[in-house]
Amino acid sequence: MTQSEKPKQWWPSPAKLNLFLHITGQNEKGYHLLQSLFQLVDIGDQLAFETTDDGIISLKTPLDGVAEQDNLVYKAAEKLQQHSGNPLGCNIWLDKKLPMGGGIGGGSSNAATTLVALNALWNTQLSLSELAEIGLTLGADVPIFIHGKTAFAEGVGEKITPTELPSPFYLIVFPNCHVSTAEIFAADDLIRNSAKIQWQDYEFTKTRNDCQKLVCDRYPKVANLLRQLLEYAPSRMTGTGACLFSVFDTFDQAEQVKRILPEDCQAFVAKGINTSPLHEYLAKMQLTSA
């Protein structure tokens, strides 16, 4: 796609990190109950939208190996259309930078951006809470991105407490192997009985990722990379993997370690943020149209 063909208005779709992930049980439907601290970061994908009058939802930048109807972006647009009774359609472009299957929320963030953007562009006038309810049917992480704040999350992702965190620099590394979330959550040896904590008591060193050992046991590339990162800084896996992150005080420190990583992995340095650029962009759009 040439630059001249691209729509002009690109909506941010930021990544996230799970600074910790504890699995505290399962509900009556078998869904895992979690506690996690979601840190938004200042890198991500971006999406553009063009409304149409024909009611058809069309993805103009399909993802390799993902059918249109299975794409979370398509599903989000379809669910909003059905929920609101909106007769309009849309063309959607996705500028994909985040690795798929990395545990940094790419697909969930894309779905959230789609719901927030089309709610504005279609003028469906749903509240963020209503959008979050739709988003939860698409994935446990989607409501975090819809509310757009670094936050502590509980339950299956629906209980959200926004919080303010320091803004360190993170070296985020994708070891170029894909971890199936379904596989990890279905594993017999997954920890499912972690004690609950109060979010105010969070300390990095006193928490963990309950999926990390399981993933490292099954994916040697993740285990080897994590061992390397731990030599330089506090490091952990995010989500169900495969991405890992290390925490640094400065950009230069993170960049120095990035330079010595194996060539067969993707790495980028990001800064922690407390408010999503998606909401900053939405506010700017609303001011422009007022």
Donor + acceptor pair across side chains of [X], [Y] (<3.5 Å):
X	Y	value
T52	D54	yes
Q212	D210	no
S109	K16	no
R208	S194	yes
N176	Q266	yes
S235	S246	yes
Q39	Y170	yes

(request) Assess whether side-chain contact (heavy atoms from CB on, under 4.5 Å) is satisfied between F248 and V269, documenting all intermediate values. (result) CA-CA 10 Å; F248 295 91; V269 177; over 6 Å; no
(message) Tell me if the NZ atom of K221 is crowded by more than 12 foreign heavy atoms within 6.0 Å.
(response)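 More than 12 heavy atoms, drawn from other residues, nucleotides or ligands, come within 6.0 Å of this atom.
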(request) Look at atom NZ of K159 and say whether more than 12 heavy atoms of other residues, nucleotides or ligands are closer to it than 6.0 Å. (result)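 Counting neighbours around NZ of K159, 12 or fewer heavy atoms of other residues, nucleotides or ligands fall under 6.0 Å, so no.
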salt_bridge([X], [Y]) N-O dist < 4.0 Å:
X	Y	answer
D189	R218	yes
K206	D201	no
K96	D45	yes

(message) If you apply the rule side-chain hydrogen bond (donor to acceptor under 3.5 Å, both in side chains), what do you find for T124 with N86, and how did you get there?
(response) CA-CA 7 Å; T124 50; N86 164 67; over 6 Å; no
(message) Which label fits F20 and Y202: parallel for a plane angle under 30°, tilted from 30 to 60°, or perpendicular past 60°?
(response)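 Aromatic pair F20/Y202 classed parallel.
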